[in-house]
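Data block below; observations after.
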Amino acid sequence: MDRTQTFARSLLPAAILATLPLLATVPATHNRSSMKTVGGTVAFADQPPMSDGPSARAPAGPELLAKAAPDECFAGIGKPYPPGPPCGVGVPKVNQSYVWGLTQSDDQLWFGTAPNVHCLTAGKGLKLTKPIQNDDYVCEYGESQLRKQIPFLPAAGGDWRPPDVFRYDTRTRQLTDKGDDIANASVLDRLRLNSTIGIRAAGSHQGVVLLGGPSLGGLNLFAFDSESGRYLGSTTLHRYGNIRNFVVADGALYAGVGVGLDGLGGGEVLRWTGTKDAPFGFSVVGDLPGQVADITSHQGRIALITWPSAGVHGRIPGVWLSPRLADGEPGLTPADADGWSQIWNAAQYEPDPVVAETYGLGGLASYGGYLYWGTMHVPLKATQAHTRRYGAARGQADPVAVQNTQRTASIFRAADFDADCGCEEGKASVELLYGESKLPAFDPEANNGTGGWRLTPTGYTPRFGAAGFGNGYNNYIWKMVVAGGSLYVGTMDWSYLGRASGSGIQAALGVADATSYGADLWAFDNPNEPAKPVDTTGLGNYLNYGIRTMVADDSNIYLGMANPMNLRTNRQDDVPEGGWELIRLPLATSNPSYGGKGRPLPPGVDASEEAPTYGK
């Protein structure tokens, strides 16, 4: 669940800043050498890496390229961490759970990770900080050893660990740890890496790779030479509290950021003006009322979505368009900062105003002349917002509020954004593809002032089907990518976590279906036809509850998976393993178990080509 926000900054008092020098002495990761590459014919991590030598042809379905390895030993909540792995005492634990930022530069994939995001989300976003342990994961919160080392660390952040940074060569199939380059460059570089919540964004342009994420003191950025792999340095942008995505449009690199703590100061769009010699130059070319999440190019403009900020009422997430990139000077300049237009917001669909403020938007892409986007819903977040607004005294039993505030991810698209079309003031050009024609809304004046829920029209009729592609537990439309003539849509499916949910959740979303545990990947092969399932079970590992990142080249999609099951490390049992995964999916998928009808190959690609050889 991608709602870590900037918990370290939002919860840590100023006194913790005195403990920052301790972070410079903490290894950026534990046991980096245990991270291995998986060869071309090995599908998933239950098998050992291949030895050197030619590989067989690429499989028709998903291929695991790399996976998080256990980096800690766990002996019980609140107990010291024994040495290892390997673990003589306790069990192996894998803390790195998400491929949070991913970019491609020629044959190289660059990515960064995030640790124990499920714990951080429940702790910071949902205020659930009572330690929990089950067969799948543990969240220690205030009982963690990190909290004991740094007493000012809030309980919600007790399961945080420093992130990892990697480069994967798609030609040689070699995974290289680049976090060591950062940590060994200087004490300040190590401090920045070790104070970063996670590497949430990655982008590349003109021979430079930028990776960044929120930190204790602002936004930390790290730069590499994409050709040589050389580390170029780091910086902290203290004005900003978050970053999620980069995009290259008309020869320029842009990034969307949140201003201040959790975007309380709104959002900005930054245009990169740096070079290899000075990689951290930026100019502000967009000024938005909310923090910026996903960002893409669409028909000569930049399109983006904004997110709400915790505790700020009335800031509804929306879809925005920039001025035309061709107007005036090439690309966007500071003169364009105030020229952005909102073309839609969540309140135009969601009939309950409190629930509308909890929406996230994600999965933004330009395809077939349309701009597509999806919605994102942290489970129970809207329930908590409703309780804060109206309180338990309104006569609403908890299961009733839970049932009526849960939402499943919807997908919209729109066209005709020119200012003279008149569509910017309404929603006439916006079409609902997957969603609901009616949703529950709370009326505080109903029932003689005790309040009540009623099904209320959304103003839309879905063209293709119900929200979540018919799966109520698809709560995020997390990422979209256009490849091989199709639009691919990746979701978060929390049905595995929600399988034991209470009656309120099940009344709203249905009983979790064990045959569909794991993230979904769907594809639109034509704007006029419904999406088709490519995989609905986590691409080979049902513990992969989300497709967090995706990039594509001429013949493959590369997917960065979200998997927070930090105690699932036993390779001998019949349960897959936890931790992030980097997966390659050929565009020509013909295996019936991965969607039946294959996606089209792009022009000039031969389906019989052998996979690249594996090497170290």
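Just so you know, residue 1 is the first one in the sequence shown, and it goes up from there.
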Dump the intermediate steps for side chain to side chain contact (heavy atoms under 4.5 Å, CB included) on Ile199 and Thr113, then the final yes or no. CA-CA 6 Å; Ile199 303 298; Thr113 68; over 6 Å; no
Given the rule in the side chain to side chain donor-acceptor pair (under 3.5 Å) test, do Tyr558 and Arg584 qualify, once you have shown the distances and angles that lead to the verdict? CA-CA 5 Å; Tyr558 298 96; Arg584 167 186 170 278; 4.7 Å; no
List the steps, then state whether side chain to side chain donor-acceptor pair (under 3.5 Å) holds for Thr296 with His298. CA-CA 7 Å; Thr296 192; His298 177 70; over 6 Å; no
Check step by step if side chain to side chain contact (heavy atoms under 4.5 Å, CB included) holds for Trp478 and Ile547. CA-CA 7 Å; Trp478 221 342; Ile547 298 172; 5.7 Å; no
Start with the C-alpha distance between Val257 and Leu270, add both sets of side-chain angles, then the distance that settles side chain to side chain contact (heavy atoms under 4.5 Å, CB included), and finish with yes or no. CA-CA 8 Å; Val257 297; Leu270 307 181; 3.9 Å; yes
Evaluation steps, side chain to side chain contact (heavy atoms under 4.5 Å, CB included), between Leu543 and Val575: CA-CA 9 Å; Leu543 299 184; Val575 179; 4.2 Å; yes
Mind running side chain to side chain donor-acceptor pair (under 3.5 Å) on Glu581 and Asn563 for me, showing each step along the way? CA-CA 8 Å; Glu581 294 184 353; Asn563 181 337; 4.9 Å; no
Applying side chain to side chain donor-acceptor pair (under 3.5 Å) to Tyr496 and Asp136, what does each step give before you reach the verdict? CA-CA 10 Å; Tyr496 182 78; Asp136 296 310; 2.8 Å; yes
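Using a 4.0 Å cut-off between charged side-chain N and carboxylate O, Lys67 and Glu577 make no salt bridge. Taking the charged nitrogens against the carboxylate oxygens, Glu350 and Arg407 do have a contact shorter than 4.0 Å, which makes a salt bridge.
For the atom pair CG of Leu65 and CG of Leu582, the computed distance is 5.0 Å after rounding to the nearest 0.5 Å. A distance of 4.5 Å separates CZ of Arg413 from OH of Tyr370, quoted to the nearest 0.5 Å. Considering CH2 of Trp320 and CZ of Arg301, their distance stands at 14.0 Å, rounded to 0.5 Å. Taking OH from Tyr372 and CG from Leu364, the interatomic distance works out to 12.5 Å, rounded to the nearest 0.5 Å. Atom CZ in Arg173 sits 4.5 Å away from atom CD in Glu63 (nearest 0.5 Å). Interatomic distance, Asn544 CG to Met561 CE, rounded to the nearest 0.5 Å: 4.0 Å.
Looking at heavy atoms from C-beta onward, His377 lies out of side-chain contact with Gln406 at the 4.5 angstrom threshold. For the pair Leu109/Asp169, no side-chain contact is recorded, criterion being any heavy-atom separation below 4.5 Å from C-beta on. Side chains of Val489 and Ile477 form a contact here, defined as non-hydrogen atoms less than 4.5 Å apart. Contact of the Phe469 side chain with the Ile411 side chain is registered, since non-hydrogen atoms from C-beta on lie closer than 4.5 Å. Within the 4.5 Å cutoff, side-chain heavy atoms of Leu432 are placed close to those of Ser410. At least one side-chain heavy atom of Pro530 sits under 4.5 Å from a side-chain heavy atom of Tyr434. Inter-residue side-chain proximity for Asn471 and Leu509 is flagged as unmet; no heavy-atom pair is nearer than 4.5 Å. For the pair Arg244/Gln291, a side-chain contact is recorded, criterion being any heavy-atom separation below 4.5 Å from C-beta on.
Side-chain contact check for Thr103 and Ser204: at least one donor-acceptor pair (N or O, by modelled atom type) lies under 3.5 Å. No donor-acceptor contact under 3.5 angstrom links the side chains of Asp493 and Thr491, judged on distance only. The closest side-chain donor-acceptor pair between Thr405 and Thr383 falls under 3.5 angstrom.
Smallest separation of non-hydrogen atoms from Pro379 and Asn475: CD-ND2, 3.5 Å. Across all their heavy atoms, Gly368 and Pro527 have their closest contact at CA-CG, 4.0 Å. The two residues Asn556 and Pro586 have their closest heavy-atom pair at OD1-CA, 3.5 Å. Taking each heavy atom of Val481 and Ala552 in turn, the nearest pair found is CG2-CB, 4.0 Å. The minimum heavy-atom distance linking Ala365 with Met480 is given by the pair CB-CB, 3.7 Å. Closest approach of Tyr476 to Val378, counting heavy atoms only: OH-CG2, 3.2 Å.
Test Val99, Ile557, Leu64 against Ile583 for side-chain contact (heavy atoms from CB on, under 4.5 Å) and you get one pass: Leu64.
Using a distance-only test at 3.5 Å, with no hydrogens or angles considered, no donor-acceptor pair links the side chain of Thr306 to the main chain of Val292. Tyr473 places no side-chain N or O within 3.5 Å of a backbone atom of Leu497 that could act as its donor or acceptor partner. Between the side chain of Glu268 and the backbone N or O of Leu288 there is no donor-acceptor pair closer than 3.5 Å. Looking at Gln108, its side chain never comes within 3.5 Å of a backbone N or O of Gln104 through a donor-acceptor pair. Listed for the Ser322 side chain is a donor-acceptor partner under 3.5 Å among the backbone atoms of Ile302. Judged by distance alone, the side chain of Asp352 and the main-chain N or O of Val355 form a donor-acceptor pair under 3.5 Å. Looking at Trp340, its side chain does come within 3.5 Å of a backbone N or O of Val285 through a donor-acceptor pair.
The ring pair (Phe, Tyr, Trp, His ring centres under 6.0 Å) search around Phe111 returns Phe166, Trp580, not counting sequence neighbours. Remark: Asp294 engages Lys479 in a salt bridge (charged side-chain N to carboxylate O under 4.0 Å, His left out) (not counting sequence neighbours).
A distance of 6.0 Å or more separates the ring centres of Tyr488 and Phe524. For Tyr460 and Phe412, the ring centers sit closer than 6.0 Å to each other. For an aromatic pair to be called close, the ring centres must be under 6.0 Å apart, and Trp494 with His118 fails this.
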Which pairs would a plain distance check flag for residues 515-522, meaning a side-chain donor or acceptor within less than 3.5 Å of a matching protein atom at least two apart in sequence or in another chain?
from, atom 1, to, atom 2, distance (Å)
Thr515, OG1, Asp513, OD1, 2.8
Thr515, OG1, Asp513, OD2, 2.9
Ser516, OG, Asp513, O, 3.2
Asp520, OD2, Asn474, ND2, 2.8
Asp520, OD2, Trp522, NE1, 3.2

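No more than 12 heavy atoms of other residues, nucleotides or ligands shown are found within 6.0 angstrom of CZ on Arg454.
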